[in-house]
Amino acid sequence: MAGDRVPVHSGGVSAAENIEHQEPAELPIDGPSDDHRPTAPAAIAEVAGNAAAEHLSPAFPERAAWGTASKLRAWQVEALTKYFEKEPRDFLAAATPGAGKTTFALRLATELLARGTVDRLVVVAPTEHLKRQWADAADRVNIRLDPMFKNGDGMFGRHYQGVAITYAQVGMNPEVHERITAGGRTLVILDEVHHGGDALTWGDGIRQAFTKATRRLSLSGTPFRSDTAPIPFVQYAPDEQGIRTSISDYNYGYGRALKDGVVRPVLFMAYAGQMRWKTRMGDEMAASLGDPVTKDITAQAWRTALSPEGEWMPAVLSAADKRLTEVRRGVPDAGGLVIATDTTTARAYARILQRITGERPTVVLSDEAAGSSRIQSFAEDTSRWMVAVRMVSEGVDVPRLCVGVYATSASTPLFFAQVIGRFVRARRRGETASVFLPSVPGLMALAASLELERDHALDRPKDAEDGMYNPEDAMVAEANKEDRASESLLDVQPFEALDSQASFDRVLYDGGEFGTGGEVGSLEELDFIGIPGLLEPDQVRDLLRARQATQAKRSKGRVPKDGMPKAPEPVDRPMYMTIKEQRSELQRLVSIWSRHANEPHGAIHAELRRISGGPAVAQASIEQIQKRIDILRSRIGGRR
């Protein structure tokens, strides 16, 4: 098969993947030709083999960000083969951010255009910047899309083959897009299709606009939502518990992509510290970031940490910049991104970074054309930092981003996955990503379960935070309740941050925790900030363990983390507080194991009771709960 040529659509994103120990299969990437023939499914399968991902090594083009790859990756060939086996009207491809969904989608589009299955293309993207990126990528494969199309235009010009638009445009006037779709044989590509459920009007508008489409290709790097809003054109079916969950026609998750070397391993650098703030009544409150306290206290401490007037953010930004310097020793053009909550804090963080680095960072405050231009300029230069507000962070696709600072209080699984997706695009083997974040329980749980795949569930109580509700967890939540009067008071109080101090807490990687903690600038922190920026995933794990062993020898009388969630330290406190903390820790571990083992929470709780004995959690003693915690820690550690 080596050296054979497989015909493709003129100008299509080319090429089958390299077969192990063979010459690469050549596919032309030149422009239109008179003797063009479309690629048959058998030809794609012949190049790929019956199981593409097993027979093909991943491609590593120098820059495969937006439909520019000169070769298809193994998963892309596999997904194309699956699509053309049946050529369904609807197809949902869920691939982890950075895997190359755009290359896959444009390769499929060129094939359908070549066959005459469709004669026009509509791409729907979440942001203004992303729709321009789609138009640029399509242009490189000779598909002309109009990203400047406005609803008032009514129809795109004849010199275009379609349009690139946003979900908001469709929601504002679905009738316009319905006419465009019905006016020809239309392929609709719904990029990050979970946005179709962002608002009721958006979902209704998308259904109205694209129901008559000839083909619909839905793409998502995060095929789930944090609510129960249905995603248009996504199929749902009951799982073994009867909960309707989304069904992907093809799935390429982070864990598999990491093994293929398509995405980078992510090191999470967690920082804690002491926080002080003032209530409306003038009372000062203090808490340590990451301590087991009520949710409202955690939220207030978290907000205090993110205040640019305190010491926590400058310390963390300085640490992140040191990490970026280390990474740039092996990746000279590596860049960093700070995700800010709003424009005010974004500008303040930019001023802090300028003081630290002596270089003015790129600041992106909106999704308009000027912001898109700044993102593109940053992608093409070698400057160090960019600061973007939360609302436009999903539109930031810069392959050279290697270091991030999560400086926002958003903590839904969907948003967290989207943010981490900004840093995982691998351009060559060995690149790593580092994300600095506050040491708060919600983010720690999300970081620990990064590799676990999720589907969107429609049937669950709205107050089930992770979508895996069961009565046992409800009993735990009820048992953990305290007097809510003080919490409701905090909700309405004007906020004033007084002081924030940072300390290095730990590193999270591959579900484990490493490090003994320490002051900012200490050897304990520098051990991990100084990890080389070019390492294979196994090398990262080995080096983390080695650094931890060194710290264990250096730390007298301190118990180091061993790659496992840390146990609560025994202190002299009322028994009810200890039980409350144990219940919260047990619930967190059950959540992590549920995502890993794909088991419902109720089944896990029942098994723990069978193994360890004792009543339900709400009535269990300290010893009984601790035994269940130990069992789960052992399981989570054993999975690595």
Side-chain angles (χ1 to χ4, degrees), residues 9 41 67 76 79-95 101-126 130-131 134-135 137-138 143 145 149 156 161-171 173-199 201-225 229-237 245-252 455-456 458:
H9 169 54
Q76 294 163 339
L80 285 167
T81 302
K82 186 170 183 179
Y83 180 89
F84 284 108
E85 284 174 354
K86 296 182 179 180
E87 294 197 42
R89 187 179 186 188
D90 283 292
F91 192 86
L92 170 59
K101 291 186 294 296
T102 305
T103 297
F104 160 72
L106 290 175
R107 181 62 184 85
L108 189 147
T110 58
E111 188 60 35
L112 292 178
L113 287 166
R115 296 180 180 203
T117 305
V118 300
D119 56 22
R120 62 180 58 179
L121 173 63
V122 173
V123 176
V124 189
L130 284 179
K131 76 176 186 180
W134 269 99
I143 299 176
L145 298 180
F149 177 83
F156 57 88
Q161 291 167 277
V163 295
I165 54 180
T166 65
Y167 287 99
Q169 278 182 267
V170 178
N173 196 336
E175 291 81 9
V176 169
H177 305 284
E178 183 181 20
R179 287 194 296 271
I180 292 174
T181 302
R185 299 186 303 277
T186 305
L187 166 65
V188 177
I189 297 177
L190 298 164
D191 185 28
E192 302 297 353
V193 68
H194 52 268
H195 283 281
D198 280 355
T201 54
W202 285 19
D204 292 342
I206 289 165
R207 290 185 186 90
Q208 177 182 344
F210 305 126
T211 293
K212 297 177 183 179
T214 304
R215 297 287 173 86
R216 290 181 291 261
L217 173 63
S218 297
L219 305 173
S220 184
T222 48
F224 60 90
R225 292 182 57 81
I231 303 171
F233 306 121
V234 170
Q235 183 180 357
Y236 293 86
T245 57
S246 60
I247 298 176
S248 299
D249 297 287
Y250 185 85
N251 194 296
Y252 187 63
D455 293 314
H456 181 222
L458 289 181

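Since we're looking at a predicted model, the values are computed, not measured.
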Discussion item. My understanding is that only one of Val193, Val124, Val188, Asp191 makes a side chain to side chain contact (heavy atoms under 4.5 Å, CB included) with Ser218; could you say which?
Written reply: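 Result for side chain to side chain contact (heavy atoms under 4.5 Å, CB included) with Ser218: Val193.
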Could you tell me the separation between the [atom1] atom of [X] and the [atom2] atom of [Y], rounded to the nearest 0.5 Å?
X: Gln76; Y: Leu108; atom1: CD; atom2: CG; answer: 11.5 Å
X: Glu178; Y: Arg207; atom1: CD; atom2: CZ; answer: 14.0 Å
X: Phe91; Y: Lys82; atom1: CZ; atom2: NZ; answer: 6.0 Å
X: Leu219; Y: Thr102; atom1: CG; atom2: OG1; answer: 7.0 Å

With the side chain counted from C-beta on, respond yes when [X] and [Y] share a heavy-atom pair under 4.5 Å apart, and no when they do not.
X: Leu217; Y: Phe104; answer: yes
X: Leu145; Y: Lys131; answer: no
X: Gln169; Y: Val176; answer: no
X: Leu113; Y: Gln161; answer: yes
X: Leu92; Y: Ile247; answer: no
X: Glu175; Y: Gln208; answer: yes
X: Thr186; Y: Ile180; answer: no

How close do [X] and [Y] get, heavy atom to heavy atom, and via which atoms?
X: Ala209; Y: Thr181; value: O-OG1, 3.3 Å
X: Leu190; Y: Tyr167; value: C-OH, 3.5 Å
X: Phe210; Y: Arg216; value: O-NH1, 2.7 Å
X: Ile165; Y: Phe149; value: CG2-CD2, 4.0 Å
X: Arg215; Y: Leu112; value: NH1-CD2, 3.7 Å
X: Ala105; Y: Trp134; value: CB-CH2, 3.7 Å

Worksheet item: Between Arg115 and Glu111, is the closest basic N to carboxylate O distance under 4.0 Å?
Response: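 Counted as a salt bridge, because a side-chain N and a carboxylate O are separated by less than 4.0 Å.
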Worksheet item: side-chain contact (heavy atoms from CB on, under 4.5 Å) between Phe233 and Ile206: does it pass, once the steps are laid out?
Response: CA-CA 9 Å; Phe233 306 121; Ile206 289 165; 3.7 Å; yes
Discussion item. Tell me whether Arg120 contacts the main-chain N or O of Val163 through its side chain, where contact means a donor paired with an acceptor under 3.5 Å.
Written reply: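 Looks like no, no N/O pair under 3.5 Å.
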